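Notes to accompany the following structure.
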Number of protein chains: 2
Amino acid sequence: MRNLLKDKKLSETPFRKEVLAIFTKYNNAIPLSIVEKDLKEYNRITLYRTIKVFVEKGIIHEISLSGEESNYAICQEECDIGSHQHQHIHFKCNMCGTISCVKINKFPTIQLPEYKIDQLEIQVTGLCKKCNA
Amino acid sequence: MRNLLKDKKLSETPFRKEVLAIFTKYNNAIPLSIVEKDLKEYNRITLYRTIKVFVEKGIIHEISLSGEESNYAICQEECDIGSHQHQHIHFKCNMCGTISCVKINKFPTIQLPEYKIDQLEIQVTGLCKKCNA
DNA sequence: TAATTATTTGCAACACCGTTGCATTAATTA
DNA sequence: TAATTAATGCAACGGTGTTGCAAATAATTA
Ligand SMILES: [Mn+2]
Ligand SMILES: [Mn+2]
Ligand SMILES: [Zn+2]
Ligand SMILES: [Zn+2]
């Protein structure tokens, strides 16, 4: 398993390792409130700064859904500083509430004459694998 | 032009009419800060409550983009209490910053075996008509 | 390894966001 | 027009996220 902090040229502090471990542990996106619960004790200012630098460096990405607190998930593809590349969708289960990044084989393209399309982000709600079984 | 407030069974107060007129005036989505600027004077608590009830009743819908303050736009299709039906995408122009609801002819469907898909929301960034011309 | 330098952390303080209880005022209904 | 129902404005509060600065820690260099 690669060392994300070193890769992204970030100092390896105990706190950053701990926060990174939490994101790695989950297979889905989590809000800050979960991170906070999983940390034994923490300084909220440092946590905000940590999240910010993780997003900036392309370690995690933010998922904004209407009426939801922001969720964050480890970047799966090769994200870089400032540019996050998503070839996956963001799925919110209406039953269990889980928000996750789901890879799909045919990522759709859309036709928008006169516009120039840069990035496409897709958010889907419904029933996840588990809850649909 | 239909009376949205009456249609949605909301009391027609001067303030609600004024806020609704602002949303109607714009052809794109706007954040609360714009609404506030356009109102001569207002009470921010009442504004929050107005926005909330407009969203609940399906008069406007919220557009959440990562790193942006929430934007709101008049519902174009037949949205109802609790369920917003979007057959359009949300486009953010990287040049002028405008966020708008854009209708497309072929709204994509995606294949997600084992999942049950309810709603699909698509957010696109790039250059808008104007800025791409 | 020890000393130096660069970076991160924690504290204090603050501004902004959004909500709630409650009394007052306005809109709807009869 | 009177009675009823709903919206508004005030006060007060908790949550969110940021900044300046000093102390602590990590990385770098000698
Ligand atoms: Mn994702
Ligand atoms: Mn829209
Ligand atoms: Zn589920
Ligand atoms: Zn533009």
Side-chain angles (χ1 to χ4, degrees), chain A residues 2-23 29-73 81-82 99, chain B residues 2-23 29-73 81-82 99:
Chain A
R2 72 199 182 116
N3 186 332
L4 265 172
L5 294 176
K6 225 168 214 160
D7 288 359
K8 303 289 183 178
K9 305 219 162 63
L10 287 176
S11 302
E12 299 186 77
T13 70
F15 186 71
R16 284 177 176 168
K17 283 183 195 167
E18 204 176 349
V19 172
L20 188 53
I22 291 171
F23 281 112
I30 51 173
L32 276 199
S33 55
I34 296 272
V35 179
E36 287 169 352
K37 274 197 200 90
D38 283 15
L39 291 166
K40 312 109 192 42
E41 57 178 13
Y42 68 99
N43 178 280
R44 56 183 207 96
I45 297 158
T46 306
L47 178 55
Y48 281 126
R49 286 196 271 227
T50 302
I51 296 297
K52 205 173 197 181
V53 77
F54 278 13
V55 171
E56 283 166 2
K57 294 285 184 173
I59 294 177
I60 60 177
H61 61 281
E62 188 184 1
I63 302 168
S64 300
L65 303 180
S66 295
E68 299 268 339
E69 56 180 329
S70 281
N71 277 255
Y72 299 89
I81 301 174
I99 294 170
Chain B
R2 68 198 185 118
N3 186 329
L4 264 172
L5 294 176
K6 226 169 213 159
D7 289 358
K8 304 288 185 177
K9 307 219 162 64
L10 287 177
S11 302
E12 300 186 78
T13 69
F15 186 72
R16 283 177 178 169
K17 283 181 194 167
E18 204 176 349
V19 172
L20 187 53
I22 291 170
F23 280 112
I30 51 173
L32 276 199
S33 54
I34 296 271
V35 179
E36 287 170 354
K37 273 197 200 90
D38 283 14
L39 291 165
K40 312 110 193 37
E41 56 178 14
Y42 69 98
N43 178 280
R44 55 183 208 97
I45 297 157
T46 306
L47 178 55
Y48 281 127
R49 285 195 272 228
T50 301
I51 296 297
K52 205 173 196 181
V53 78
F54 278 13
V55 171
E56 283 166 2
K57 294 285 184 174
I59 294 176
I60 60 176
H61 61 281
E62 188 185 1
I63 301 168
S64 301
L65 303 181
S66 296
E68 299 267 340
E69 57 179 327
S70 280
N71 277 255
Y72 299 89
I81 301 174
I99 294 170

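Below, chains carry the letters A, B, ... as their sequence lines are ordered, and counting in each starts from 1. All values reported here derive from a predicted model rather than from experimental measurement.
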*Quick one: Glu41(A) CD to dT9(C) P, roughly how many Å, whole number?*
14 Å
*Roughly how far apart are Phe15(B) CZ and Lys17(B) NZ, rounded to 0.5 Å?*
14.0 Å
*asked:* Expressed as a whole number of angstroms, how long is the span from Phe15(B):CZ to dT25(C):C1'?
replied: 15 Å
*Starting from the C-alpha separation in whole Å, work towards a yes-or-no answer on side-chain contact (heavy atoms from CB on, under 4.5 Å) for Leu10(B) and Ile59(B).*
CA-CA 11 Å; Leu10(B) 287 177; Ile59(B) 294 176; 3.8 Å; yes
*Rounded to whole angstrom units, what separation is found between the NZ atom of Lys9(B) and the P atom of dT5(D)?*
18 Å
*Compare the minimum distances between each of dT8(D), dG9(D), dA27(C) and the side chain of Asn43(B), then state the nucleotide with the smallest one.*
dG9(D)
*Determine, for Glu18(B) against Lys40(B), whether the closest basic-nitrogen to carboxylate-oxygen distance falls under 4.0 angstrom.*
yes
*Roughly, in whole Å, what's the span from NZ in Lys17(B) to C1' in dA27(C)?*
10 Å
*Pair Ile30(A)-Asp38(A), side-chain contact (heavy atoms from CB on, under 4.5 Å): steps then yes or no*: CA-CA 11 Å; Ile30(A) 51 173; Asp38(A) 283 15; 6.0 Å; no
*When the distance from CZ of Arg16(B) to C1' of dT8(D) is rounded to whole Å, what number comes out?*
10 Å
*Output the distance between atom CZ (Phe54(A)) and atom OH (Tyr72(A)), rounded to the nearest 0.5 Å.*
12.5 Å
*Nearest heavy atoms of Ser70(B) and Glu62(B), plus distance in Å*: OG-OE2, 2.7 Å
_Quick one, Asn71(A) with Leu65(A), criterion side-chain contact (heavy atoms from CB on, under 4.5 Å). Give me CA distance, side-chain angles, the key distance, then yes/no._
CA-CA 8 Å; Asn71(A) 277 255; Leu65(A) 303 180; 6.0 Å; no
*Is the distance from OP1 or OP2 of dT7(C) to the nearest side-chain N or O of Ser11(A) less than 4.0 Å?*
no
I'd like a list of close polar pairs between nucleotides 15-19 of chain C and the protein, N/O only, cut-off under 3.5 Å.
residue, atom, partner, partner atom, Å
dG18(C), OP2, Tyr48(B), OH, 3.3
dG18(C), N7, Arg44(B), NH1, 2.9
dG18(C), N7, Arg44(B), NH2, 3.4
dG18(C), O6, Arg44(B), NH2, 2.8
dT19(C), OP1, Lys52(B), NZ, 3.4

_Just the rounded figure in Å: distance from C1' of dT9(C) to CD1 of Ile51(A)._
15 Å
_Using five base pairs at each end to define the local axes, how bent is the helix from dT1(C)-dA30(D) to dA30(C)-dT1(D), to the nearest 10°?_
40°
*Return no unless some side-chain N or O of Thr13(B) is found under 4.0 Å from OP1 or OP2 of dT8(D).*
yes
*Exercise: identify the closest heavy-atom pair between Ile22(A) and Val35(A)*: CD1-O, 3.9 Å
*Protein-nucleotide distance (Phe54(A), atom CZ; dT8(C), atom P), rounded to Å*: 11 Å
*So among Glu68(A), Glu36(A), Glu69(A), which one has a side-chain contact (heavy atoms from CB on, under 4.5 Å) with Pro31(A)?*
Glu69(A)
*In whole angstroms, how far is the C1' atom of dT8(C) from the OH atom of Tyr42(A)?*
18 Å
